[in-house]
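First the structure, in the form of structure tokens, and then the observations on it.
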Amino acid sequence: MNSETGLLKTLLFVALLILPGHFVYSEMIPIANASFEIPEIDPITNPFYAIPVIPMWTELDVDLEYSQNTGTFLNPEPNSPNNDHITNADGRQLVFIGSEQGNAILQVLQASYIPGKNYELTVAVGVSMRFPPTSPNTLKLSLYYLQDNDPNTIEIVSYSVSPETLSSSVLQDFSVALPAVKPEDPWAGRPIGIAIRSTGMPGGFWDIDAVRLDSETVSDFTFDHQVNLNDLAEMSVHWLACDTDTADMSGDRCINIQDLILWIDAWLHYEP
């Protein structure tokens, strides 16, 4: 038995003794202007309470002349004359997107898709009180990536929101999830793209707020859909290495006792 294997067995025993309660390492990935509070709309100088721009996002607007299909708006006060206040908005401002095919907002993040991690995009959605969209129009949430020298987005996974149960005064959270990235996936290592797109004919507006992206480290390092000693063996290959994403449960890119403790916790609570 070599010294590395002996050390790993000792650490495994110690980790089992000090293992805390069940938890999973997860992180929230930064999104620029995720709550649409930039720029701040001044209700005194802007009687429309809205602007046709969404800084730090790419806007796709089929209304090329006036750009009236995407923009930022100020949430009316609770006692507004039109009774159109949104009660659970995150901050004071939201985004509107016209319910017509081709209208969208997109953003390529600083973070990349990392093998061994899964991703979940969550968006708070409502509908305009005055001009709500109707079926079969939908709002599509998606994760995408870009190929080299190709400006077109390549969708990986998506979820479509229907307007029937949506409110003009209370936002609802909807999510789309991407399973654990595999090393051979074409998006592995590429920057993360997020998109919110309208589908259908003209006829209403979606209200959007609080865009979030969560990532969770998966304990199946061998991608065989099991958490077992094969994954521990994979961790041992990278033991005490740094600048690696393989078997990195803690997110610090170094494989050490912290990752071992997290993996054991995931192993003990694994449900196939």
Side-chain angles (χ1 to χ4, degrees), residues 31 33-36 41 48-76 80 82-91 93-108 119-146 151-178 192-213:
I31 298 173
N33 199 18
S35 187
F36 311 113
I41 299 173
F48 299 104
Y49 291 13
I51 54 175
V53 294
I54 310 171
M56 305 178 194
W57 290 80
T58 298
E59 295 179 68
L60 303 181
D61 191 333
V62 296
D63 180 11
L64 298 178
E65 186 174 358
Y66 298 106
S67 185
Q68 299 291 325
N69 285 320
T70 57
T72 308
F73 71 95
L74 182 66
N75 188 20
S80 61
N82 295 319
N83 196 30
D84 51 359
H85 173 73
I86 297 174
T87 60
N88 61 338
D90 181 35
Q93 298 180 177
L94 303 91
V95 151
F96 63 87
I97 302 178
S99 61
E100 178 180 4
Q101 185 79 29
N103 294 324
I105 61 172
L106 305 87
Q107 187 175 148
V108 177
Y119 298 87
E120 184 174 57
L121 174 67
T122 302
V123 181
V125 183
V127 292
S128 167
M129 185 187 74
R130 299 179 186 177
F131 306 105
T134 57
S135 293
N137 287 14
T138 64
L139 187 74
K140 185 165 73 169
L141 317 178
S142 64
L143 292 164
Y144 70 88
Y145 72 102
L146 301 173
N152 297 307
T153 64
I154 302 175
E155 186 177 278
I156 307 172
V157 63
S158 67
Y159 177 82
S160 293
V161 179
S162 298
E164 287 85 356
T165 62
L166 296 181
S167 167
S168 61
S169 59
V170 180
L171 302 173
Q172 296 182 46
D173 277 349
F174 294 90
S175 300
V176 57
L178 176 66
I192 299 170
I194 58 176
I196 305 171
R197 303 176 185 273
S198 289
T199 67
M201 302 296 291
F205 287 89
W206 305 92
D207 294 341
I208 310 298
D209 198 14
V211 182
R212 290 144 285 164
L213 182 64

So, for [X] and [Y], which heavy atoms are closest and what is the spacing to 0.1 Å?
X	Y	answer
A210	D90	CB-CB, 3.9 Å
S128	S168	C-CB, 4.0 Å
D61	Q68	OD2-N, 3.5 Å

Can you sort out the partners of [X] under side chain to side chain donor-acceptor pair (under 3.5 Å), two or more places apart, ordered by chain and number?
X	answer
N88	none
E59	T70
T134	none
T58	none

Do the side chains of [Y] and [X] get nearer than 4.5 Å, heavy atoms only?
X	Y	result
L166	W206	yes
P133	V127	yes
L143	L213	yes
V123	F174	no

E155: salt bridge (charged side-chain N to carboxylate O under 4.0 Å, His left out) partners, not counting sequence neighbours |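 For E155 the salt bridge (charged side-chain N to carboxylate O under 4.0 Å, His left out) partners, ignoring immediate neighbours, are K140.
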
Residues forming a salt bridge (charged side-chain N to carboxylate O under 4.0 Å, His left out) with D173, sequence neighbours excluded =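 Here the qualifying residues are R212.
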
From [X] atom [atom1] to [Y] atom [atom2], the distance as rounded to the nearest 0.5 Å:
X	Y	atom1	atom2	result
S175	L121	OG	CG	7.5 Å
D63	E100	CG	CD	8.5 Å
T165	Q172	OG1	CD	4.5 Å
N103	N69	CG	CG	4.0 Å
F205	S99	CZ	OG	7.5 Å
I208	L171	CD1	CG	8.5 Å

Kindly write out the residues that satisfy side-chain contact (heavy atoms from CB on, under 4.5 Å) with [X], not counting sequence neighbours, or none if the list is empty.
X	answer
A89	N75, I86, L94, D209
T87	H85, V170
F48	N46
V108	Y144, L146, P191

Applying ring-ring contact (aromatic ring centres under 6.0 Å, His included), name anything that partners W57, two or more places apart in sequence or on another chain.
->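 Residues passing ring-ring contact (aromatic ring centres under 6.0 Å, His included) with W57: F36.
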
Enumerate donor-acceptor pairs with a distance under 3.5 Å from any side-chain N or O in residues 195-204 to protein atoms, sequence neighbours excluded.
{"unit_1": "R197", "atom_1": "NH2", "unit_2": "T153", "atom_2": "OG1", "d": "3.0"}
{"unit_1": "S198", "atom_1": "OG", "unit_2": "G98", "atom_2": "O", "d": "2.7"}
{"unit_1": "T199", "atom_1": "OG1", "unit_2": "T138", "atom_2": "N", "d": "3.4"}
{"unit_1": "T199", "atom_1": "OG1", "unit_2": "T138", "atom_2": "O", "d": "3.2"}
{"unit_1": "T199", "atom_1": "OG1", "unit_2": "T138", "atom_2": "OG1", "d": "2.3"}

Would you say Q93's side chain and I41's backbone share a donor-acceptor pair under 3.5 angstrom?
->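 Looks like yes, one N/O pair under 3.5 Å.
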
Side-chain donor/acceptor of S162 to backbone N/O of E164, under 3.5 Å |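 No; zero donor-acceptor contacts below 3.5 Å.
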
Give me the ring orientation class for F96 and F73: parallel if the planes are under 30° apart, tilted from 30 to 60°, perpendicular past 60°.
->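 Rings of F96 and F73: tilted, as their planes differ by 30° to 60°.
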
